[in-house]
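Since the model is a prediction, treat every value here as computed from it, not as a measurement. When reading the values below, keep in mind they use all heavy atoms of this one structure, side chains included, and skip hydrogens, waters and symmetry mates.
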Amino acid sequence: MSEPTRYAARTLIALAIAAAFPLHGAIAQETQQPATGSDTASDVVVEKRQPGQLEQVIVTAQRRAENIKDVPMSIATVKGEKLDVLTSGGQDIRFLSGRSPSVAIESDYGRTFPRFYIRGLGNTDFDLNASQPVGLVMDDIVQENPMLKGFPVFDVDQVEVLRGPQGTLFGRNSPAGVIKFDSAKPVFKTEGYLSAGFGKDRVRNIDGAYNIPVSDTVAIRFSGQSQHRGDRVHNDRPTGTRDFEGYKDNAARLQVLVKPTANFSALFNVHGRDMDGTATLFRANILKKGTNDLVDNFDYGSYPTDGINEQHLKNKGASLRMRWDLPGVTLHSITGYEKLDFFSRADVDGGYGASYAPPMGPGFIPFLVETADLIPNHKQISQELRAESSTKGPLQWIAGVFYFKEDIQIDSISFNSLAPGNPQNPNYATQEQNAKSWAAFGSLNYAINDRLKVRGGVRYTSDKKDFVAQRIETTGRSYHELSDDSTNVSWDASGTYVLTKDTNLFARIATGYRAPSMQGRLNDLSSRPSMAGAEKVLSYEAGIKQDLFDRRARLSATAFHYRVKDKQLTAGSGSINMNQLLNADKATGQGVELDIQANLSDSLSATFGSSYNDTEIKDASLFVLPCGGGCTVTNPVSFVGGSRVALINGNPLPRAPKWQHNFTLKYSTPVANGEFYAFTDWSYRSSYNFFLYEAVEYKAKDLLEGGLRLGYKWGGGKYDLALYGRNITDEVQSVGAIDFNNMTGILNEPRTYGVQFKMNF
């Protein structure tokens with residue numbers, strides 16, 4: 001065991017000992033929660049809290065509304081004021097990265113195609129049908145395609161992060177965990193809010209919601225968001241796109257709740273997004289060879305290019321969630337539909353010119369790469385039927401079936417802004433994938449006594465994929481078909497032990513599964529598609545959840561270990577803009593997670609989160625092609641078929657920092673007839689490898705980013721006027737790269753600031 005792991009284990013043991021012998025006196029017994037058979041937090045009895053005590057946190061991680069302390073798994077939530085602060089600068093869904101232990105989010109596409117990682121498990125694949133081991137569930141509907149996962153976050157009640165495999169109750173490819181978003185639902189009273197923010201680079205961020213009861217049985221809630229940023233990067237050359245990094249991103253959601261009787265409700269949800277902007281900027285030769293430093297005199301606002309850069313995404317969807325409360329049982333039907341249309345074009349070589357077309361720059365551009373990826377056709381349908389007990393006995397159960405179908409077409413087109421005839425037809429590649437999945441699942445909860453509760457679940461899943469990849473060129477056409485049928489049985493077992501009135505211990509063992517993946521970005525007529533077989537995860541975790549100091553503080557700590565059999569990985573192709581899917585024999589991970597919230601005084605509150613993740617690829621025969629741009633590879637190298645390869649056995653998983661910390665501190669004090677407050681938030685993550693192999697240039701630096709919000713509330717909290725800043729220290733570094741051409745890097749967001757006004761009614 002490594003020293004950091006031993007240290008983390010000792011820390012967790014110390015916390016458990018402290019929990020067993022709490023320093024504070026006993027307090028009144030918690031209000032017992034009835035078995036509601038509900039996944040709606042509003043149906044749970046809320047405990048009475050005294051001034052200064054933390055509010056009760058209700059989650060639906062087990063498809064029932066429960067106190068977070070009673071759920072035997074590692075969970076974190078983001079809601080309320082913290083959620084408002086993190087999104088104040090118009091950030092997309094990546095604002096969650098590092099704001100919860102063991103969670104990272106990044107993108108090579110900009111405001112679209114977020115890639116999620118939990119406990120180091122993720123997928124660096126940039127192909128548009130890439131599956132991810134982190135599931136994303138929006139209002140009970142799984143969002144499978146990467147382009148659906150970036151839907152803007154507004155009018156959201158709560159975000160739940162469920163760490164570890166969720167293969168029993170959330171069945172679509174979630175061996176690493178699930179991130180679950182729950183929108184504010186219609187209620188039978190008139191209410192709403194309006195928020196408007198304006199900031200640096202002509203940022204304009206407006207969102208709001210309006211809830212009205214139409215009658216005693218019908219309520220409507222409309223919410224929307226409009227985000228805009230002006231271009232902040234300029235191309236001084238006369239060719240290509242001239243201005244970059246601006247966007248217009250609009251989204252809306254309409255919900256209608258129909259509750260004709262006390263025992264039946266139907267919730268209709270229609271939503272859509274329309275985003276126009278620019279793709280991520282791939283900046284050529286910004287990394288110093290032999291280091292991971294940016295080049296001297298780097299200018300963030302300058303991007304000389306000869307290519308065109310544009311990105312457009314439209315998606316729309318609808319869902320219907322129905323619930324029947326019958327004697328002893330509650331029935332649910334959840335129907336979802338999603339559709340999207342996407343186009344993204346970028347200058348992937350990150351500069352202008354090529355070796356055959358001087359002048360060129362910045363730095364050496366060995367060959368021109370300008371491409372567009374698009375999804376002209378996409379459709380996703382899902383249906384879940386679920387029944388669950390609603391009695392008050394010691395035995396509770398859930399059972400259901402799930403169906404999923406997705407059809408997608410992907411086109412990859414080559415461009416050359418230095419030559420006539422764009423796009424360079426008929427040289428392009430297409431992929432078509434048809435996926436179907438169905439599952440049957442069930443779980444049992446049993447209270448052995450007042451202190452010990454155990455849970456167990458099982459899910460049978462059947463997946464079928466049919467895949468066609470084609471390459472069309474002036475000299476011919478290639479055609480390839482792949483097909484796969486796979487089945488899996490996932491299970492979990494867990495338990496919660498009430499040590500004291502304020503302290504619960506828990507343990508969980510769970511399995512997870514990700515269906516086989518296929519990919520076919522064919523580069524030429526000799527290229528062939530690749531396929532990675534199903535991966536399976538076995539995970540162990542144990543921890544403690546405790547209220548402290550008369551419920552003015554709350555602690556959650558977890559130690560975990562997992563191993564992945566046949567881990568799906570994505571390797572680059574060295575000298576061309578291609579990916580290759582492969583399986584590693586095994587990958588392992590272990591670590592600890594810590595969450596603390598505390599009201600330090602009547603005017604001061606704080607949160608702290610921390611995680612340590614030690615991941616490792618274990619496959620002695622596995623190798624990949626390293627960079628094609630002359631980077632400094634630090635892995636052992638060999639030659640296979642005349643090609644230089646890097647041996648990656650023992651490497652950590654890519655984009656998996658070992659350490660992550662997050663911290664918030666809020667101070668508030670009465671002023672006149674209102675309240676002044678100051679809120680600061682910070683996140684830190686250690687370095688990580690960009691790719692499967694290790695190279696000096698392609699290793700992220702440690703990164704510390706902070707935010708600040710200063711505001712004044714008045715009118716009983718009805719009005720809020722604030723100044724905000726994000727990345728206030730203006731830390732700018734390479735957080736990703738393109739490794740086939742030259743020292744091309746991708747940067748994090750620079751400092752931004754502005755003012756925001758919010759009105760509740």
Any ring-ring contact (aromatic ring centres under 6.0 Å, His included) pairs touching residues 138-159, not counting sequence neighbours? Phe151-His271

Under a 4.0 Å N-O cut-off, is there an ion pair linking Arg273 with Asp249?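 Here Arg273 pairs with Asp249 in a salt bridge, since their nearest N and O are under 4.0 Å apart.
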
Are Arg514 and Asp566 close enough for a salt bridge, meaning some N to O gap below 4.0 Å?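 Salt bridge between Arg514 and Asp566, a charged N being under 4.0 Å from a carboxylate O: no.
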
Write out all pairs satisfying salt bridge (charged side-chain N to carboxylate O under 4.0 Å, His left out) with one or both partners inside residues 149-166, taking only residues at least two apart or from two chains. Asp155-Arg221, Arg163-Glu593, Arg163-Asp595

Residues in side chain to side chain contact (heavy atoms under 4.5 Å, CB included) contact with [X], at least two apart in sequence or another chain:
{"X": "Val57", "answer": "Val59, Ile68, Thr77, Gln158, Arg554"}
{"X": "Pro750", "answer": "Arg232, Tyr300, Asp730, Val732"}
{"X": "Ser686", "answer": "Pro657, Lys658, Trp659, Tyr684, Asp702"}
{"X": "Lys339", "answer": "Lys316, Tyr337"}

Atom pair OG1 (Thr335) and CD1 (Ile141), whose distance is rounded to the nearest 0.5 Å: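 It comes to 7.5 Å.
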
Just by distance, no angles: are the side chains of Asn123 and Thr570 close enough, under 3.5 Å, to form a donor-acceptor pair?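 Yes.
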
So for atom NZ, which belongs to Lys79, do other residues, nucleotides or ligands contribute more than 12 heavy atoms lying within a distance under 6.0 Å? yes

With a distance cut-off below 6.0 Å to the six-membered ring centre and an angular limit of 45° from the axis, does Arg63 pair with Phe170 as a cation-pi contact?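 Flagged: Arg63 positioned over aromatic ring of Phe170.
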
